[in-house]
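What follows is a short report on a single structure.
Note that ligands are numbered from 1 as they come in the structure, with each ligand's atoms numbered from 1 the same way.
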Amino acid sequence: MCGIFGIVTDKEQPLGPILLEAGRRLAYRGYDSVGCATLHADGAIDLRKDVGKVNEVAARLHFEEMTGTRGMTQLRWATFGKPSQVNSQPHLDSDGDLVGAHNGNVVNNAELREQFSAEGMTVRSTNDGESCVHAVERYVDQGYDMLQAIRHAYRDLEGDYSFIIGRVGEECLYAFKKGSGLVVGIGEGATFASSDLPSILPLTRHILRVRDGEIVVLRPEGAALYSVEDGLPIQREVEVITESMDWAVKGGYAHFMLKEIHEQPQVAAELLHLLEASEHVQPFVERMAGARNLYFIGCGTSYHACSLGAVYLAQAAGRSAIPILAPQFIPQYAPAVGPDDVGIFVSQSGETKDVLSALYAAQRRGMTALALVNVSGSTLMNESDHYLPLACGYEISVPATKTFTNQALAFLFLALRMGGRSTEALAPLPELLEQTLAQVEPQVAALEPQLVSHDDLYCLGYGLTYPIALEGALKLKEVTYAHCEGMLSTEFKHGPLSAVDEGYPVLFVVGQEDVPVIVSGINEIACRGGRTIAIGVEDARLRTNAQECITLPPSDPLLTPLLATLPLQLLSYRLGLARGYDPDFPRNLSKTLTVD
Ligand code: M6R
């Protein structure tokens with residue numbers, strides 16, 4: 001996830017140290033390259049940028065020496081296009097009068113770049129941040145002032161992004177927000193804008209929150225907001241922030257896990273926009289469609305997404321795929337695969353050793369290796385034949401949450417495309433995720449005291465919800481340290497039923513189409529004194545048979561598994577806390593497992 005920061009001051013001064021500090025504070029978001037630009041009162045722009053870590057690039061390019069009246073820094077998290085010096089941000093316009101940087105994704109970037117080149121502009125990179133600058137240049141060249149040019153540019157730039165831009169010969173910077181974060185800080189003799197609060201708080205506690213569709217004009221003495229729709233000024237009170245930096249880094253949440261759970265509506269929306277516009281989806285789907293055998297390969301949570309992906313593929317495209325844990329792929333399938341087979345390797349980190357070993361084993365046999373990967377510049381991203389980014393930004397908490405949702409969503413998107421079906425059914429998902437969080441939070445809170453002292457439980461599902469039961473059980477184990485087993489609900493009677501006695505808790509994750517089979521599972525447990533909890537869309541049959549119900553908003557049955565994941569994540573979080581553990585850093589675990 002990229003980060004941006006801009007500063008406007010009342011006199012020429014050293015800006016490098018301030019920009020460098022801001023860059024360091026943005027680094028927790030994850031990035032692959034970094035850049036700084038300063039604008040001098042005499043009209044010169046000093047631009048320095050490259051691939052690498054903040055301290056390393058800053059030392060190499062001497063950021064500390066940079067001076068000016070205005071400046072900006074950007075940390076880039078590549079989605080498409082390899083991290084490179086030219087793709088690093090900020091970017092200049094054709095004749096070097098404008099400089100700008102963005103955060104987020106401009107999804108019609110490829111199309112815009114062609115237009116800009118055809119209009120005679122100098123396009124230097126493939127990065128979408130440069131498109132933000134040219135989109136403004138296009139209208140400045142037609143004689144519009146900066147405010148009007150940004151209003152026009154907004155109509156051309158599709159996607160979720162925010163950007164900061166400055167023009168030679170002026171005294172202000174401009175910032176614009178649509179879908180990605182942007183906050184403004186009002187200091188003494190200086191005004192700041194940033195993609196996130198932690199980079200501003202050490203400089204000022206006076207904050208102006210920018211909303212989508214708003215342009216900010218930053219001057220040394222303050223900031224003015226304008227509506228992109230009608231260009232009219234917007235009045236907003238400045239807030240004074242009293243909380244700690246730690247609170248700000250966690251976005252106001254007590255833990256990264258909770259923050260990342262709540263980011264799911266936003267990251268799902270961003271992924272959908274990205275996939276809808278991406279020229280990389282069609283070749284990906286064609287390779288999947290042409291495969292003799294298709295394998296979905298991952299570990300832990302990523303494997304559960306593979307498992308759900310295989311059910312999606314069967315239901316939405318009528319094709320089968322084999323979901324397999326990466327280490328088991330090596331003895332069970334690698335000896336039999338060849339150039340006609342395709343594997344989709346799924347990983348948040350892109351560095352999991354088990355996944356990379358399976359990748360190399362597959363590549364030795366000539367198999368095509370596709371990837372769904374979150375961390376930009378990771379080994380999996382670099383070594384696979386083609387990849388799609390998961391667009392989740394940095395996931396800090398060890399328990400994977402938002403990356404699971406986007407992995408599963410990417411599979412569903414690919415399955416619909418492969419089945420020749422419209423992906424429009426996915427459009428309501430971000431809103432449904434939002435509604436689900438609001439709806440299930442009190443229900444989960446009410447359940448917590450009933451489960452907190454249990455050290456042993458089951459989580460069962462069927463069909464589309466079987467992988468969710470596996471994922472829910474993994475999350476519960478990981479965060480609460482209790483034993484929780486995920487299982488196909490119909491398998492329970494083949495053995496585990498013997499463990500059930502008075503009050504033994506069993507969670508059921510229910511898809512709308514599988515209520516009858518789940519109800520019989522519920523009854524097998526209820527009549528032996530077990531405690532049954534159903535998670536699903538409101539249904540009289542579940543109400544009558546289960547002791548507790550956590551209800552989800554009604555949705556397309558293909559979306560229900562994604563919604564059902566949220567109460568299990570929240571339940572894990574709450575139970576872990578109630579049992580006295582740190583949900584972000586469970587004992588014995590590591591975010592990225594680079595060992596066998
Ligand atoms: O980075 P990866 O997706 O390859 O990681 C795979 C597993 O280690 C990971 O999903 C692990 O199971 C999570 N901590 C679960 O929350």
Could you list the residues that satisfy side-chain hydrogen bond (donor to acceptor under 3.5 Å, both in side chains) with T465, not counting sequence neighbours?
none
Near ligand 1, which residues have a heavy atom under 4.0 Å away from one of its atoms?
C299, G300, T301, S302, S347, Q348, S349, T352, V398, P399, A400, L474, K475, E478, L593
With a cut-off of 3.5 Å and sequence neighbours excluded, list every side-chain donor-acceptor pair involving residues 307-322.
{"from": "Y312", "atom 1": "OH", "to": "L558", "atom 2": "O", "distance (Å)": "2.6"}
{"from": "R319", "atom 1": "NH1", "to": "A289", "atom 2": "O", "distance (Å)": "3.1"}
{"from": "R319", "atom 1": "NH2", "to": "A291", "atom 2": "O", "distance (Å)": "3.4"}

Table please: side-chain donor-acceptor pairs of residues 429-438 below 3.5 Å, with sequence neighbours left out.
{"from": "T436", "atom 1": "OG1", "to": "L432", "atom 2": "O", "distance (Å)": "2.6"}

Can you tell whether the side chains of K259 and E395 come within less than 4.0 Å, N to carboxylate O?
no
Apply the test side chain to side chain contact (heavy atoms under 4.5 Å, CB included) to residues C459 and V509: give CA-CA distance (whole Å), side-chain angles for both, the deciding distance (0.1 Å), then the verdict.
CA-CA 7 Å; C459 189; V509 197; 4.1 Å; yes
Output for pair (F345 CZ, E383 CD), nearest 0.5 Å, gives 12.0 Å
